[in-house]
Trainee: 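One structure coming up, written as structure tokens, with questions to follow.
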Amino acid sequence: MPNITLPDGSKRDYDNPLTVMEIAESIGAGLAKAALAGRVDGLLVDTSCLVSVDAEVAIITERDHDGLEVIRHSCAHLMAQAVQRLFPKAQVTIGPVTEDGFFYDFAFERAFTPDDLQAIEKVMGEIVKENLKVERSILSREDAIAMFKEMGEDYKVQIIESIPGEEDLSFYRQGDFIDLCRGPHVPSTGSIKAFKLTSVAGAYWRGDANNEMLQRIHGTAWGSKKDLNLYLQRLEEAEKRDHRKLGKHLDLFHFQEEAPGMAFWHPKGWRIYQAVQRHMRQVQDANNYKEINTPQLVDYSLWEKSGHASKFADEMFSVESDNRMYAIKPMNCPCHIQVFNQGLKSYRDLPLRLAEFGSCHRYEPSGSMHGLMRVRSFVQDDGHIFCTEEQIQAEVADFMDLLFLVYKDFGFDEVILRLSMRPEKRVGSDDLWDKAEQALKDALNATGLPWELVPGEGAFYGPKIEYSLKDCMGRVQQCGTIQVDFFTPGRLGAQYVAEDSSRKTPVMLHRAILGSFERFIGILIEHYAGALPAWLAPEQAMILNITDKQIDYCQKFEESLKNKGFRASMDLRNEKIGFKIREHTLQKIPYLLVVGDKEVENGTVAVRKRGGEDLGTMTFDDFCTHLSQDVANFGRSDSALMTENNSSE
RNA sequence: GCUCGCAUAGCUCAGGCGGUAGAGCACUUCAUUGGUAAUGAAGAGGUCCCCGGUUCAACUCCGGGUGUGAGCACCA
């Protein structure tokens, strides 16, 4: 008879086989009430699962991550049940768990409206109150298909038919609702306590744009009302940080109909752009990149040669002029090869690292554009390294070192690494791919960090590493990349003279650290909630006079700061000091310098930091030293700058 | 590109059975010269996204377009 080992190591003997729920009951009534599922020898199961042999058993509650997933998955079923109660004609398809909740896709004759969502939510509440038992059952494929056919659930039939293998399938029933599902699920609908439907949108059946569009209802579910509210607050916080909102509020940039997907940068936004670019230029110079600049308009034939036209013709802007077709460059690499091709190159010239802040345009699909994050006009911190096969590994390793340093400068410590391996359709020999993939793997392993291998996702010309960073909201943003390219240099005739005087084709590494400046600045704005660290802040210090008696002094102070290279301005308006402080605090300026009669008399300014901290009075030199130190610290997250965001507003 | 929303003052947003519109902030003027998150008063400000249709009459209803939001698809 079963001897059960609990997670704390304690053991219990039972006389008869019993269910997970019965084990929970034997431990305590409270635990039994909270039990959502169980883990038996590492396997996640329903609370109704019978344990008849010795096993390690854990009771899963809302406190476990797995418990949350069970709740969300069950909540998806709950929603589907509610939808079918309200709309019997709606067909169910799939309903998986997502990072913060779940969704379910439905096929229905008309679109669901926000009002429908409310009604569905209400019915969900009713089903929770009914506390329907959730029961698992097993059906053969034939029976299952017959059942769903009779129910008119065509999509379910398709799903079952596409599941490989011959085994029977598990089903979950709660009242009048039954769904194909691996499980596990909560014991009864009453276990689902906190949920909310968040949105409805279209989604293609099986994720394929050639298929019909279903309707996806998104929802979120949590173990308690409190957790749900915390999550909703997090959403609100993300909304407050939205770079589109802050871009307007802080007067950084705008978009308008005449130039969809292309930013108009305002003076303050452009200062940020310049600061970011200045930094990257300096970093590249210091690391033996040679900056170049190439045309934005290039004859279409080059894009045909490079292979881009055949694949991306629809996504390229083109211009006809003087009976010639030009494309507005969607990327810099073909142009960089043109620069490489000028003059005979020797193996001694390699590795040759070319960099360009080149303006590129891509006709992105209208529905994909999103503020600065996805635009049609952008500039990358783009670079191409021409090297030999033997040099790949060292170049990749150097690049990674640089990338980590740069991310730290911008305040990002957590980097997520992914290696995309050879796709089915590719060029180059397997031998070459083996080498390139190995080189990237070695470089990744050398970091000592975990990385993820993604099969089949590489570019057709070579494998690539993608670097994502986590912002302070925990969101993952893909930014950097390094890609090995065996293909394009040869296609565009790049060659170098090897040691044995033979002509060889160089390998090209495409690489970017930030990705596009537009997108990266969008990420920065959201990461810092608009309160950029001093080295990036468009306005570093604002001088505020108390009365107009101090105007001369303020003007001199401002001029001196500007002469030192700081970005300073003054607000001499006839307003009360409290008003000015409020206004410039809302503009998230790092330092406010208050000047009254006292300061004029002593030759100082009263320094107030963005978060409200009073640094007392300082002389011009003292303040310059302070600000210089702050600027020199960049956005390194060990500084106090991060905490100050939360206290503003 | 697809599905469903949305588009009103510089900004954030109200509004109306179809009879050409309103608030707060910002802006301008006047008064006020003040010490760390909103001084008071007055004034000005609108092609209600664009093009058609219905109607005596359209910002409102209908159709189309553009932009935009959420999601899907795409992302060299």
Side-chain angles (χ1 to χ4, degrees), chain A residues 98 103 105 108 110-114 116-117 198-218 239 242 244-245 248-249 251 254-261 303 306-316 329-334 360 362-371 373-376 380 459-461 464 478 481 483 485 487-488 510 515-516 519 544-551 572-587 592-599 606-614 617 647-649:
Chain A
T98 61
F103 64 78
D105 288 350
F108 190 43
R110 66 164 177 85
F112 293 123
T113 66
D116 292 334
L117 244 56
T198 48
S199 69
V200 55
Y204 297 109
W205 165 234
R206 297 202 146 142
D208 186 337
N210 298 314
N211 290 342
E212 65 272 32
M213 187 158 268
L214 307 172
Q215 293 187 70
R216 176 168 298 179
I217 303 180
H218 281 268
E239 212 177 303
D242 190 314
R244 294 164 299 187
K245 214 171 225 181
K248 214 180 266 182
H249 176 233
D251 194 17
H254 84 271
F255 289 90
Q256 65 184 53
E257 286 193 23
E258 287 81 354
W303 307 103
S306 71
H308 290 100
S310 61
K311 210 168 171 206
F312 295 107
D314 290 347
E315 284 81 38
M316 280 159 63
K329 71 173 167 187
M331 54 179 356
N332 301 305
C333 45
C360 295
R362 295 179 185 176
Y363 186 80
E364 300 285 358
S366 56
S368 69
M369 289 188 293
H370 179 90
M373 301 298 196
R374 184 95 179 255
V375 286
R376 286 183 174 162
Q380 287 166 300
F460 69 96
Y461 49 69
K464 60 182 178 184
Q478 201 212 303
T481 184
Q483 315 183 354
D485 186 348
F487 178 63
T488 321
H510 306 247
S516 94
R519 180 177 150 73
L544 313 175
N545 61 333
I546 304 277
T547 72
D548 50 20
K549 274 186 276 178
Q550 301 96 28
I551 287 181
L572 303 178
R573 289 177 303 171
N574 176 15
E575 295 290 352
K576 289 190 168 181
I577 192 67
F579 178 85
K580 295 189 195 179
I581 298 243
R582 175 181 157 81
E583 208 156 81
H584 296 109
T585 299
L586 290 175
Q587 285 296 305
L592 303 184
L593 311 179
V594 178
V595 176
D597 286 340
K598 273 185 285 179
E599 285 74 21
V607 182
R608 180 191 161 107
K609 260 183 109 167
R610 179 162 48 197
E613 190 191 345
D614 182 1
T617 56
S647 49
S648 59
E649 247 181 323

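In the text below, chain A, chain B and the rest are named by the order of the sequence lines, each starting its count at 1.
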Trainee: Taking only residues two or more places apart in sequence, or in another chain, which ones meet H370(A) in a ring-ring contact (aromatic ring centres under 6.0 Å, His included)?
Mentor: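 With neighbours one apart ignored, the set is empty.
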Trainee: So, for F103(A) and T98(A), which heavy atoms are closest and what is the spacing to 0.1 Å?
Mentor: CD2-CG2, 3.5 Å
Trainee: What is the minimum heavy-atom distance between N545(A) and L572(A), and which atoms define it?
Mentor: OD1-CA, 3.3 Å
Trainee: Is there a donor-acceptor contact under 3.5 Å from the side chain of R362(A) to the main chain of P330(A)?
Mentor: yes
Trainee: From CG of D105(A) over to P of U3(B), roughly how many Å is that when rounded to an integer?
Mentor: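 Result: 16 Å.
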Trainee: Scan I546(A) against the nucleic acid and name what it touches under 4.0 Å (heavy atoms): base, sugar-phosphate only, or nothing.
Mentor: base
Trainee: Here's a test of your reading of the structure: between F579(A) and T617(A), which maps to the more 5' nucleotide of RNA chain B?
Mentor: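 Comparing both residues, the 5'-ward one is T617(A).
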Trainee: Counting C-beta onward and ignoring hydrogens, is there a side-chain heavy-atom pair between R110(A) and D116(A) closer than 4.5 Å?
Mentor: yes
Trainee: Find the distance D597(A):CG to G35(B):P and express it as a whole number of Å.
Mentor: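 So the CG-P distance, D597(A) to G35(B), works out to 11 Å.
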Trainee: U68(B) C1' sits how many Å from E258(A) CD, rounded?
Mentor: 14 Å
Trainee: Treat primed atoms plus P, OP1 and OP2 as sugar-phosphate and everything else as base, then score nucleotides 41-52 of chain B 5' to 3': B for base contact with protein heavy atoms under 4.0 Å, S for sugar-phosphate contact only, - for none.
Mentor: ------------
Trainee: Test your reading of the model: is there a side-chain donor-acceptor pair from Q550(A) to the backbone of V594(A), 3.5 Å cut-off?
Mentor: no
Trainee: For a quick check, with a 4.0 angstrom heavy-atom cut-off, what is the B/S/- contact string for nucleotides 69-76 of chain B, read 5' to 3'?
Mentor: SBBBBBBB
Trainee: Taking K580(A) for the side chain and R573(A) for the main chain, is one N or O donor matched with an acceptor at less than 3.5 Å?
Mentor: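 Yes, because the side chain of K580(A) sits within donor-acceptor range (under 3.5 Å) of the backbone of R573(A).
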Trainee: Do NZ/NE/NH1/NH2 and the carboxylate oxygens of R244(A) and D242(A) come within less than 4.0 Å?
Mentor: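 Here R244(A) pairs with D242(A) in a salt bridge, since their nearest N and O are under 4.0 Å apart.
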Trainee: Would you please confirm or rule out a distance under 4.0 Å between OP1 or OP2 of C4(B) and any side-chain N or O of R110(A)?
Mentor: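 For C4(B), neither OP1 nor OP2 has a side-chain N or O of R110(A) closer than 4.0 Å.
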Trainee: Mind checking whether W303(A) and H308(A) have parallel, tilted or perpendicular rings, split at 30° and 60°?
Mentor: perpendicular
Trainee: Going 5' to 3' through nucleotides 8-14 of chain B, assign each nucleotide B (protein heavy atom under 4.0 Å from a base atom), S (under 4.0 Å only from sugar-phosphate atoms) or - (no protein heavy atom that close).
Mentor: ---SS--
Trainee: Tell me: CH2 of W205(A) to C1' of U3(B), nearest whole Å?
Mentor: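 To the nearest whole Å, that distance equals 17 Å.
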Trainee: Check whether R376(A) reaches the backbone of E364(A) with its side chain - one donor and one acceptor, N or O, closer than 3.5 Å.
Mentor: yes
Trainee: Nearest whole Å is fine: how far is A37(B) P from R573(A) CZ?
Mentor: 16 Å
Trainee: According to ring-ring contact (aromatic ring centres under 6.0 Å, His included), who are the partners of F312(A), at least two apart in sequence or on a separate chain?
Mentor: none
Trainee: Please give, in whole Å, the distance from A37(B) C1' to E575(A) CD?
Mentor: 14 Å
Trainee: Whether the side chain of Q587(A) engages the backbone of H249(A) through a donor-acceptor N/O pair (distance < 3.5 Å, no angle test) should be reported.
Mentor: yes
Trainee: Could you tell me which non-hydrogen atom of N332(A) sits nearest to which non-hydrogen atom of C360(A), and how far apart they are?
Mentor: OD1-SG, 3.7 Å
Trainee: Which part of the nucleic acid, if any, lies within reach of G596(A) when heavy atoms closer than 4.0 Å are counted: base, sugar-phosphate only, or nothing?
Mentor: base
Trainee: Grab the CD-P distance between E599(A) and U36(B) for me, whole Å please.
Mentor: 12 Å
Trainee: Indicate, with a heavy-atom threshold strictly under 4.0 Å, whether G515(A) touches base, sugar-phosphate, or nothing.
Mentor: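 The residue G515(A) makes no contact with any strand.
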Trainee: Hey, where does RNA chain B pair up into stems, meaning at least three consecutive Watson-Crick or G-U pairs with distances under 3.5 Å?
Mentor: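 The stems are B:1-7 with B:66-72, B:10-13 with B:22-25, B:27-31 with B:39-43, B:49-53 with B:61-65.
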Trainee: Can you give me the closest heavy-atom contact between N211(A) and Y204(A), atom names plus distance?
Mentor: O-CD2, 3.6 Å
Trainee: Distance check needed: C4(B) C1' versus L214(A) CG, whole Å only.
Mentor: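 Going from CG in L214(A) over to C1' in C4(B) covers 14 Å.
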